[in-house]
Amino acid sequence: MHDPRYLRDNLDTVRSALGKRGQDVPWDAVQKLSEERRALTTQAEQLRHELKKGSDEVARRRRAKEPAEEAIAAMKQVGDQIKDIEGRLREAEEALNDLALRIPNLPHQTVPQGTDATQNVEVRRWGSLPSFSFPPKPHWEIGEALGILDFDRAAKIAGARFALMSGTGARLERALIDYMLDLHTSRHGYREVLPPVMVNRQTMTGTGQLPKFEDDLFRLRDEDWFLIPTAEVPVTNLHREEILSEDRLPIRYTAYTPCFRREAGSYGKDTRGLIRLHQFNKVELVVFTTPEQSYAELEQLTGHAETILQNLQLPYRVVMLCTGDMGFSAAKTYDIEVWLPSQNQYREISSCSNFESFQARRANIKYRPGGGKKDAKTDFVYTLNGSGLAVGRTVVAILENYQQPDGSVLIPEALKPYMGGRDKITKE
RNA sequence: GGAGAGGUGGCCGAGUGGCCGAAGGCAACGGUUUGCUAAACCGUCGUAGGGACAAAAUCUCUACCGAGGGUUCAAAUCCCUCCCUCUCCGCCA
């Protein structure tokens with residue numbers, strides 16, 4: 001959501017800054033409704049002022065035992081006018097709001113121009129790629145052979161794009177969740193939260209999933225609740241409609257949740273394995289901070305996610321997304337991509353973004369600068385979040401990078417304490 | 001699911017049709033006093049949208065007493081719908 005005043009006065013700037021991203025926005029309608037709303041607001045306020053004065057006059061006359069019929073009749077008319085104007089105002093506001101909520105965020109200046117993922121910019125690489133004396137297998141073959149992944153039964157009980165993990169596979173997923181949360185809470189300064197995974201419409205609107213991307217979400221049939229596609233949604237909305245004092249900032253949360261995505265329109269993509277599922281687990285990092293600190297926070301938060309991969313000794317690279325590949329709400333995004341030997345490429349395992357005030361405006365999350373002094377003007381916080389990490393994809397990376405010629409899989413050193421001390425997954 | 005109670009400013013809490021954006025208290029902030037602390041006293045003390053001013057200070061208008069409708073010249077106050085919280089019963093983890 002953009003500042004309506006800024007939008008009104010700088011429509012052309014916004015429009016060109018959005019470039020390709022804003023192609024489907026009906027700019028003329030935005031401008032027209034913007035002006036209409038302003039005019040109607042002024043009219044309505046003037047009329048209400050008149051009504052107030054008139055009503056006070058009636059009250060005064062009543063007390064003075066003077067006749068008030070004339071004033072009452074006049075005010076009755078003003079009242080009718082107000083009803084008319086306010087009705088039109090409401091319509092204009094609703095229409096404008098609906099359009100405004102569909103305008104994506106403006107990219108930060110440092111974001112490269114581009115139309116798709118091929119124009120993302122690699123920022124850095126970490127780790128050395130593993131070499132194999134045999135053709136590395138895809139994780140689903142490894143997992144099924146070991147008896148820790150079962151896609152056939154998952155399909156039976158739920159359908160395509162679901163997974164069943166069992167035995168050491170289930171333990172591995174749980175170990176990773178534990179490990180990530182422990183690291184972020186004890187070393188990186190995040191507070192752990194365990195939020196609802198079903199949320200209401202307002203919450204989904206706050207972070208930008210609604211109104212534009214309802215088709216990507218699972219929705220309950222009898223209630224207006226949605227399954228969260230990421231913990232970003234409930235956790236960012238923790239402070240919706242709140243004013244935080246600056247000395248509380250930055251506020252950092254980490255949350256493990258399952259995530260649910262319809263994956264509409266991705267038929268045929270990553271149909272096998274754990275890469276793209278309707279339900280997956282993720283540990284998320286969410287930060288509320290000031291505008292000044294937000295970009296330093298983005299670097300730091302990305303680093304926190306990288307630490308997990310480093311500790312697990314998984315090679316990865318960091319890319320800065322170009323304007324055409326960024327999500328709707330983001331101003332700047334780094335993707336962390338982990339190396340997958342079977343695919344001979346890096347694949348996304350984390351996405352870290354600064355949303356600037358875009359979500360804060362939608363969710364009305366403010367802060368009061370200057371150590372809580374009353375006279376300081378409030379302003380919107382900046383929100384950030386990143387995966388730290390997508391758990392299923394981390395399992396994928398471990399299975400593939402740590403696979404052995406005999407089909408077993410070594411357990412990364414850092415994870416052993418979380419795996420009951422075992423150092424290897426063998427056939428079960 | 002059944003029955004009942006309730007939602008007012010950061011918090012507590014008054015307010016049943018007009019002079020109420022809302023008494024009083026607490027907290028907070030500024031000051032006076034004080035050897036220091038405390039206390040006392042004085043003052044300030046919600047959010048947002050518009051207008052005036054070149055801008056800030058400031059002034060002014062409008063909205064907001066859970067949300068949305070309605071009645072009325074006039075609604076925190078009356079009516080309707082919804083949401084949320086609490087208590088009891090039932091059910092369940």
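Chain letters run A, B, ... following the sequence lines, proteins first and then strands; every chain starts at 1.
- Applying the Watson-Crick and G-U wobble criteria (two distances, each under 3.5 Å), B/A57 pairs with nothing in any strand.
- Salt-bridge annotation for A/Lys212 and A/Asp24: present, with a side-chain N of the basic residue lying under 4.0 Å from a carboxylate O of the acidic one.
- Pairing for B/A76 is absent, with no Watson-Crick or G-U wobble pair whose two atom distances lie under 3.5 Å.
- For the C1' atoms, the distance from B/G90 to B/G1 is 7 Å, rounded to whole Å.
- Within the shown strands, B/A67 is the pairing partner of B/U81 under the Watson-Crick or G-U definition, both distances less than 3.5 Å.
- Of the nucleotides present, none pairs with B/U33 by Watson-Crick or G-U wobble criteria with both distances under 3.5 Å.
- Rounded to a whole Å, the CD atom of A/Glu241 is 12 Å from the C1' atom of B/A67.
- Annotation: A/Phe358 is in aromatic contact with A/Phe328 [ring centroid separation under 6.0 Å].
- Rounded to whole angstrom, the span from the CD atom of A/Glu242 across to the P atom of B/U47 amounts to 15 Å.
- Within the shown strands, nothing qualifies as a pairing partner of B/A39 under the Watson-Crick or G-U definition with both distances less than 3.5 Å.
- Residues A/Ala59 and A/Thr42 each lie close to RNA chain B; by heavy-atom proximity, the contact nearer the 5' end of the strand is made by A/Ala59.
- Taking the P atoms as reference points, B/A39 lies 26 Å from B/U47, given to the whole Å.
- B/U81 and B/C91 have their P atoms separated by 30 Å, with the value rounded to a whole Å.
- The side chain of A/His49 sits closest to B/C61 out of B/C61, B/G50, B/C73.
- Put simply, NZ on A/Lys83 is 10 Å from P on B/A75, counting in whole angstrom units.
- If you check residues 67-76 of chain A against RNA chain B, the residues with a heavy atom closer than 4.0 Å are A/Ile72, A/Met75, A/Lys76, listed by number.
- In the set B/G50, B/U47, B/A63, B/A63 carries the atom at the smallest distance from any side-chain atom of A/Lys52.
- You'll find that the side chain of A/Arg368 is closest to B/G46, out of B/G46, B/U62, B/A74.
- Using a 4.0 Å cut-off between charged side-chain N and carboxylate O, A/Lys269 and A/Glu263 make no salt bridge.
- Residues A/Phe151 and A/Arg272 are not in side-chain contact: their nearest non-hydrogen atoms beyond the backbone lie 4.5 Å or more apart.
- Taking 4.5 Å as the limit, some side-chain heavy atom of A/Arg261 sits within range of a side-chain heavy atom of A/Thr230.
- With hydrogens and angles left out, the side chain of A/Arg48 and the base of B/C61 share no donor-acceptor pair within 3.5 Å.
- Under the side chain to side chain donor-acceptor pair (under 3.5 Å) criterion, the residue pairs touching residues 31-54 of chain A are A/Arg48-A/Glu86, with sequence neighbours excluded.
- Within 4.0 Å of A/Arg60, counting heavy atoms only, lies no atom of the nucleic acid at all.
- Between A/Asp152 and A/Lys156 there is no salt bridge, since none of the side-chain N atoms of the basic residue sits less than 4.0 Å from a carboxylate O of the acidic one.
- For A/Ser55, taking side-chain heavy atoms from C-beta onward, the closest of the listed nucleotides B/U47, B/U62, B/G18 is B/G18.
- Only the P atoms considered, B/G13 is 10 Å distant from B/G7, to the nearest whole Å.
- The partner of B/C45 is absent, by the rule that a Watson-Crick or G-U pair needs both atom distances under 3.5 Å.
- Within 4.0 Å (heavy atoms only), A/Arg90 reaches sugar-phosphate atoms of the nucleic acid but no base atom.
- Between the C1' atom of B/U72 and the CD atom of A/Gln77 lies a distance of 16 Å, rounded to the nearest Å.
- Distance check on atom C1': B/A14 versus B/G21 gives 15 Å, rounded to whole Å.
- Using the Watson-Crick or G-U wobble rule with both distances under 3.5 Å, B/C26 pairs with B/G10.
- For A/Glu214, the side chain to side chain contact (heavy atoms under 4.5 Å, CB included) partners at least two apart in sequence or on another chain are A/Arg201, A/Leu210, A/Arg219, A/Phe226.
- Using atom P as the reference point in both B/G50 and B/C82, the two lie 35 Å apart (nearest Å).
- In this structure, B/U87 and B/A3 make a Watson-Crick or G-U wobble pair, each of the two defining distances being under 3.5 angstrom.
- When the P atom is used for both B/A57 and B/G46, the distance is 16 Å, rounded to whole Å.
- We find that CD of A/Glu223 is positioned 12 Å from C1' of B/C83, with the value rounded to whole Å.
- Of the listed nucleotides (B/U47, B/G50, B/U71), B/G50 has the atom at the smallest distance from the side chain of A/Glu45.
- Ion pairing between a basic and an acidic side chain is recognised when a charged N comes within 4.0 Å of a carboxylate O; A/Arg60 and A/Glu66 show such pairing.
- Heavy atoms of A/Lys53 sit nowhere under 4.0 angstrom from any nucleic acid atom.
- B/C88 and B/G9 have their C1' atoms separated by 33 Å, with the value rounded to a whole Å.
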